[in-house]
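Quick note: numbers below take in every heavy atom, side chains included, and nothing from hydrogens, waters or symmetry partners. Positions are given from 1 along the sequence.
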Amino acid sequence: MIAPSLRDKDCIEYKPNPKIKDTVSWGLYEQYKRAKTVAEARRLGARNIDFAFDSNWGYLQVQELCIEPLSQECRLADADMGLPTSLHQQKSAISRGFGKDANIRVRVKEMSEGHKGIAISRKVLARLAGRAPRFREVSEETWAAVDGPVASVPLEVLRILLYWAHHGVLLYPRKLTKALHSALKAAGVPEAAKAVKLLEAKMIRAAASRAAERQKQGAEAKKRKATVGSARKIGGKQLARVARAVAAKATPSARKLRRAGGTGGAPAKKSKKAPPRKRLTKVLKNGLKRRLPR
């Protein structure tokens, strides 16, 4: 089932409840059927599956589309596309029908065959038809036909075209470039279609340039990191070598240590020990001194 890309500000109208009475779907429909906007319907309990089902079966009718742009990622004014900037629209079959129905049913890509189309103001659609040569002589009934002029155009792209017809500026996200290009070609505005394609190519080149610059900076950073690591490694080896050399100079050799009779520093002085007989005599004298009474 195709889900329409509705916005919260889109004005809608529900038909009387067609569901089986006392079922869950009937009770849910009873809650949100009085909603006048998509936001209100959501607040009253409508889910995405409900919008898709009700829209495809014709229970939900869009009465007025919100055409304000959601994204300004890509911007092309009429002057950028080589189009007149006066926003002058030529007469069309729709504009000649003023005085009839205020709204015209229009079929877009997201609609099933049984869908009767969304309602778009005659005045708003007349602006688009006046600016698009291939739309000027399209009859009112043809707009809702299965092979209508915008039957293969997504609803979001139709919003972009309606905004452009009113303000003379194309404002759209880059992801819709291909669909917008096809719609402009189908509308008979090759200058605008070419400008959209050129802008896409320019943005691709800019993105590739930024990616190459980031890659270059990353490679340079990696190289600097590797250089610093190598320098630290080499410096560590050199530092260890110097430390060993300094230690070798400051520490006396084993031969010198044996001569000195110690572990380092100046040679130890030889202690002058008395002969064994004299030591014994000295000990005896000291012992006698301690034993004799004073």
Side-chain angles (χ1 to χ4, degrees), residues 2-7 10 55 62 64-85 87-90 92-95 103-113 115-204:
I2 303 173
S5 53
L6 299 176
R7 296 184 187 175
D10 289 340
S55 177
V62 179
E64 185 179 349
L65 277 180
C66 174
I67 63 173
E68 290 299 319
L70 292 179
S71 172
Q72 298 189 19
E73 182 181 4
C74 301
R75 186 183 190 280
L76 283 171
D78 283 342
D80 303 326
M81 299 181 284
L83 297 174
T85 57
L87 293 180
H88 175 72
Q89 292 90 21
Q90 297 188 18
S92 63
I94 296 177
S95 63
N103 295 329
I104 297 177
R105 294 290 170 181
V106 179
R107 174 178 294 278
V108 292
K109 187 176 181 179
E110 294 91 342
M111 294 179 179
S112 62
E113 291 187 5
H115 204 291
K116 295 182 179 180
I118 58 175
I120 296 180
S121 168
R122 178 184 295 273
K123 184 178 180 180
V124 173
L125 194 60
R127 284 181 175 273
L128 177 60
R131 302 210 68 190
R134 293 184 183 175
F135 293 168
R136 286 174 191 155
E137 298 305 321
V138 177
S139 63
E140 298 179 18
E141 298 77 13
T142 308
W143 285 92
V146 177
D147 57 347
V150 292
S152 60
V153 176
L155 182 57
E156 278 301 316
V157 175
L158 179 60
R159 296 179 197 267
I160 295 168
L161 293 178
L162 293 173
Y163 184 85
W164 162 69
H166 189 73
H167 297 280
V169 181
L170 286 172
L171 295 172
Y172 59 97
R174 185 180 169 187
K175 64 181 181 181
L176 293 179
T177 295
K178 186 176 180 180
L180 180 59
H181 175 262
S182 301
L184 288 169
K185 285 183 66 177
V189 194
E191 303 90 349
K194 183 179 179 181
V196 168
K197 204 70 174 177
L198 290 175
L199 180 60
E200 169 71 3
K202 182 179 179 181
M203 295 181 73
I204 290 175

Heavy-atom closest pair, residues Val169 and Tyr163: O-CD2, 3.6 Å
Check whether any side-chain heavy atom of Glu137 sits under 4.5 Å from a side-chain heavy atom of Ser92, and report yes or no. no
Do we get Arg131 above Trp164's six-membered ring, with its NZ or CZ under 6.0 Å from the centre and within 45° of the axis? yes
Is there side-chain contact between Lys109 and Val157, with at least one heavy-atom pair below 4.5 Å? no
Where Asp10 and Cys66 come nearest, the two heavy atoms and their spacing: OD1-N, 2.8 Å
How far apart are the closest heavy atoms of Ile160 and Leu170, and which atoms are they? CG2-CD2, 3.9 Å
Identify every side-chain donor-acceptor pair in residues 180-198 under 3.5 Å, counting partners at least two apart or on other chains, and give the distances.
unit_1	atom_1	unit_2	atom_2	d
Ser182	OG	Lys178	O	3.2

Tell me, do Arg134 and Pro149 make a side-chain contact under 4.5 Å, heavy atoms counted? no
Interatomic distance, CG@Leu65 vs CZ@Arg159, rounded to 0.5 Å, equals 5.0 Å
Hey, could you give me the OG/CZ distance between Ser112 and Arg107, rounded to the nearest 0.5 Å? 7.0 Å
Please step through side-chain contact (heavy atoms from CB on, under 4.5 Å) for the pair Glu140 and Arg122, ending with a clear verdict. CA-CA 9 Å; Glu140 298 179 18; Arg122 178 184 295 273; 2.7 Å; yes
Are Val124 and His166 close enough that some pair of their side-chain heavy atoms sits under 4.5 Å apart? no
To the closest 0.5 Å, what do you measure between CZ (Phe135) and CG (Leu128)? 6.0 Å
Should the heavy atoms of other residues, nucleotides or ligands under 6.0 Å from CD of Glu64 be counted, would the total exceed 12? no
I need the minimum non-hydrogen distance between Glu110 and Ser5, along with the two atoms involved. OE2-OG, 3.8 Å
Identify all side-chain donor-acceptor contacts of residues 67-77 below 3.5 Å with residues at least two apart in sequence or on another chain.
unit_1	atom_1	unit_2	atom_2	d
Ser71	OG	Glu73	N	3.1
Glu73	OE1	Arg174	N	3.0

Criterion side-chain contact (heavy atoms from CB on, under 4.5 Å) on Val153 and Val108, from CA distance to verdict: CA-CA 6 Å; Val153 176; Val108 292; 5.7 Å; no
So, for Ile120 and Leu162, which heavy atoms are closest and what is the spacing to 0.1 Å? CD1-CD1, 4.2 Å
Looking at every heavy atom in both Glu156 and Leu176, which two are closest together, and how far apart are they? CB-CD1, 4.1 Å
Hey, mind stepping through His115 and Ser55 against side-chain contact (heavy atoms from CB on, under 4.5 Å) and telling me if it holds? CA-CA 7 Å; His115 204 291; Ser55 177; 3.3 Å; yes
Distance col, row Ile118:CD1 vs Ile104:CD1, nearest 0.5 angstrom, shows 12.0 Å
Side chains of Ile94 and Val138: does their closest heavy-atom pair fall under 4.5 Å? no
